[in-house]
**Q** 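After the structure tokens below, expect a handful of questions from me.
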Amino acid sequence: MHQPLCRHRAEKVLEVYWQRPVSLKESTTLVTALMNPMAAASHQFLMKNIGMHLEQARAIYEVHAPETCHCDEAVSNDLAA
């Protein structure tokens, strides 16, 4: 993935893709599944909560995830500390 995985990016991805506001559960589902691609439970969770297959979710994230996110700065600051 080009853009780092984070819930904020996942929220923006789904908002753009679905053209509607997204719930915390939906954005968390997307990023959790993408972070755990080998876990069967992640796949079931993804389908149950947002109705997407993993490959579809990965492709949507690749296309729609913002290049920058405020959490990138927070991660950089944590690593520097």
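All of these numbers come straight from a predicted model, not from anything done at the bench.
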**Q** Locate the shortest heavy-atom distance separating L30 from A57; write the atom from each residue and the value.
**A**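 Heavy atoms only, the tightest pair is CD1-CB, 3.4 Å.
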**Q** Give every residue pair that meets the side chain to side chain donor-acceptor pair (under 3.5 Å) criterion with at least one member in residues 29-47, sequence neighbours excluded.
**A**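 Residue pairs passing side chain to side chain donor-acceptor pair (under 3.5 Å), neighbours aside: T29-N49.
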**Q** Considering all heavy atoms of both residues, which atom of H64 and which atom of V16 are nearest to each other, and what is their separation?
**A**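 Looking at all heavy atoms of both residues, the closest pair is ND1-CG1, 3.3 Å.
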**Q** Scan residues 3-30 for pairs that pass ring pair (Phe, Tyr, Trp, His ring centres under 6.0 Å), counting only residues two or more places apart or in two chains.
**A**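 Every pair satisfying ring pair (Phe, Tyr, Trp, His ring centres under 6.0 Å) with a residue in residues 3-30: H8-H70.
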**Q** What is the distance from atom SG of C6 to atom CG of L34, rounded to the nearest 0.5 Å?
**A**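 Between C6 SG and L34 CG, I get 11.5 Å after rounding to 0.5 Å.
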**Q** Could you give the distance from CD1 (I50) to CG (L14), rounded to the nearest 0.5 Å?
**A**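 Separation between the atoms: 5.0 Å.
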**Q** Enumerate the residue pairs fulfilling salt bridge (Lys or Arg N to Asp or Glu O under 4.0 Å) with a member in residues 29-56, sequence neighbours excluded, ordered by first and then second residue.
**A**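 As it turns out, the salt bridge (Lys or Arg N to Asp or Glu O under 4.0 Å) pairs with a partner in residues 29-56, which skip direct neighbours, are E55-R58.
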**Q** Consider only side-chain heavy atoms of I, L, V, M, F, W and Y, link residues closer than 4.5 Å, and tell whether Y61 and L54 are in one cluster.
**A**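 Yes, it is one cluster - the side chains of Y61 and L54 are joined through contacts under 4.5 Å.
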**Q** Tell me yes or no: between the side chains of R7 and S27, is some donor less than 3.5 Å from an acceptor?
**A**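 There is such a pair between these side chains.
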**Q** Which residue pairs satisfy the salt bridge (Lys or Arg N to Asp or Glu O under 4.0 Å) criterion with at least one member in residues 23-43, sequence neighbours excluded?
**A**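 Residue pairs passing salt bridge (Lys or Arg N to Asp or Glu O under 4.0 Å), neighbours aside: R20-E26.
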**Q** For M35, which residues count as a side chain to side chain contact (heavy atoms under 4.5 Å, CB included) partner, sequence neighbours excluded?
**A**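 Partners of M35 under the side chain to side chain contact (heavy atoms under 4.5 Å, CB included) test: L5, V31.
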**Q** Find the distance between CE (M47) and NE2 (H53) and round it off to the nearest 0.5 Å.
**A**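 The CE atom of M47 sits 4.0 Å away from the NE2 atom of H53.
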**Q** E15: what forms a side chain to side chain contact (heavy atoms under 4.5 Å, CB included) with it, not counting sequence neighbours?
**A**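 With sequence neighbours excluded, E15 shows a side chain to side chain contact (heavy atoms under 4.5 Å, CB included) to E11, K12, V22, given in chain and number order.
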**Q** Please, which pairs that meet salt bridge (Lys or Arg N to Asp or Glu O under 4.0 Å) have at least one residue in residues 31-43, sequence neighbours excluded?
**A**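 Sorted result for residues 31-43: empty, none.
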